[in-house]
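Heads up: the structure comes next, in structure tokens.
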2 protein chains.
Amino acid sequence: MKQRIYIADDEANIRFIISSFLKNEGYEVMDFENGDSLFDMFMKQPCDMVILDLMMQGTDGLSICMKLRERTNVPIIIVSARDSELDRITGITMGSDDYMVKPFSPVELVARVKALFRRVQMDQKSHQQEIYTYEDILINTAQRNVKIKDVPLVLTPTEFSLLTYLFQHSERAVSRAELLKNVWNFDFEADTRATDDIMKRLRKKLTLSDVLIESVWGFGFKLSKKETNENPK
Amino acid sequence: MKQRIYIADDEANIRFIISSFLKNEGYEVMDFENGDSLFDMFMKQPCDMVILDLMMQGTDGLSICMKLRERTNVPIIIVSARDSELDRITGITMGSDDYMVKPFSPVELVARVKALFRRVQMDQKSHQQEIYTYEDILINTAQRNVKIKDVPLVLTPTEFSLLTYLFQHSERAVSRAELLKNVWNFDFEADTRATDDIMKRLRKKLTLSDVLIESVWGFGFKLSKKETNENPK
DNA sequence: TTAAACTGGGGCAAAGTTGTGGCAGTTCTT
DNA sequence: AAGAACTGCCACAACTTTGCCCCAGTTTAA
């Protein structure tokens, strides 16, 4: 899902430069020539980040920033030609997350935008649901449950981690060493067939599903789907 | 609960100035003369924010920043005498949340520290409400009371916090470590079954309700509702 | 073709997890 | 000051998980 950024600045060329750089990074950008129109749009359709110039026609950026803060937690970056310590401190104190002084490097702006998104991401990460599907199996890591065709499947902790790891890398085969390292946290070379054991148990529990855990001879395992009509020998 | 900030800078007077200003704002501050000792301390006892100088004896600030990022989401601010665009972009890209150039105004640093805490706060508490319901239970955090089918339920402080936390995350399973961190404020890995104890008492008090605290074997707990008619085999 | 290596099923025992009742130190209330 | 409430810990029993062993069947390579 693309992240959406709203920009308000009264200089068209600045809007253009910022937009280009951000779009180039894969963000969805919409720009406004004053703060009021940005605010109206935000009320209709919120976005994931706001970049505000301070000096604009109509309501000034600082007031817009405070108005936004009253009702949302959207990350806000202020960009401004005003470069006194007081201006910076006021902007940051009044609710913006960062304050950049014009003229600024578009690359640095992009870096700060990314850092701010990263911060939000990190803070919310624990509450994020991660969902993986493959054929008729659905894994919800937040709820910590697995379903085959909507029927709950009970897994032990190791089975759960292992299956999740396979789903996270469903497009390729994974080696036993890789599994031991990432699921068991064995850093060293261990001569164990623990992976095979859990696979054995997983396979048993997956008999009702169309998902198959294939062995890759001499290497490891790989997800695949059950072929009802296997090409006959 | 006071927020704890760690500072690493090799100039004693800078450490002193920053510490004074931050302590003045009510933060608990600890300072280190190099990044390695800060890192060691963090591993033993995490803090809520880190302020790093780039150029120090021993490991440089950027490496410390990256090492910290590998294992935590702690907010990081870099302060540095280096003032090229590349330096700033590198610092921000490598995991820090902000980058301030020396000499800087201590007041602005304080403002940015506050803004960063505010951001974390907003991200984590954005979904905080006053009232939570799940099945036949209603929690009013403002009045600090709980009702089962309109019948008041008396809970001890810890029981109340724990149940509230479960309700705030009713859509997912929560681990014991997470509960210890967020309800007990144990920052480190502790071998305790305190969570189980409170759960035991909570469950006893919830017998009259349709709400069930399910154990997620080998992981933690999860809210669910009592199934009166379990799907018969 | 044959021997060696690999895989997967059943069973087993050690280790780990969880719920329960009891208990004691601390804090709060009366 | 005495009692009540709260909370973490312990011990115990029931139960679950999991790595390993053995063994038969399969695949690979010489």
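Letters A, B, ... are given to chains in the order of the sequence lines, protein chains preceding strands, and every chain is numbered from 1.
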Evaluate whether atom CZ of A/Phe219 has more than 12 neighbouring non-hydrogen atoms of other residues, nucleotides or ligands under 6.0 angstrom away. yes
Using a 4.0 Å cut-off on protein heavy atoms (strictly under), produce a 5'-to-3' string for nucleotides 15-27 of chain D with B for base contact, S for backbone-only sugar-phosphate contact, and - for none. -SSBBB------B
Looking at residues at least two apart in the chain, or sitting in another chain, which of them share a salt bridge (charged side-chain N to carboxylate O under 4.0 Å, His left out) with A/Arg144? none
For A/Arg71, side chain to side chain donor-acceptor pair (under 3.5 Å) partners two or more places apart: none
Along DNA chain C, first and last positions that approach a heavy atom of chain B under 4.0 Å: C/dG16 to C/dG22
Between A/Asp150 and A/Lys147, is the closest basic N to carboxylate O distance under 4.0 Å? no
Residues in ring pair (Phe, Tyr, Trp, His ring centres under 6.0 Å) contact with A/Tyr27, at least two apart in sequence or another chain: A/Phe117
Would you say that B/Ile7 contacts B/Val79 through its side chain, given a criterion of any heavy-atom pair below 4.5 Å between the two side chains? no
Ion pair B/Asp196/B/Lys200, N-O distance below 4.0 Å: no
Bend angle of the helix from C/dT1-D/dA30 to C/dT30-D/dA1 from five-pair axes at both ends, rounded to 10°? 40°
Give a yes or no on this: more than 12 heavy atoms of other residues, nucleotides or ligands lie within 6.0 Å of atom CG of B/Asn13. yes
Counting only heavy atoms not in B/Lys205, do more than 12 fall under 6.0 Å of its NZ? yes
Verify side chain to side chain contact (heavy atoms under 4.5 Å, CB included) between A/Arg176 and A/Met199, making sure each step is shown before the conclusion. CA-CA 11 Å; A/Arg176 288 187 172 74; A/Met199 287 298 176; over 6 Å; no
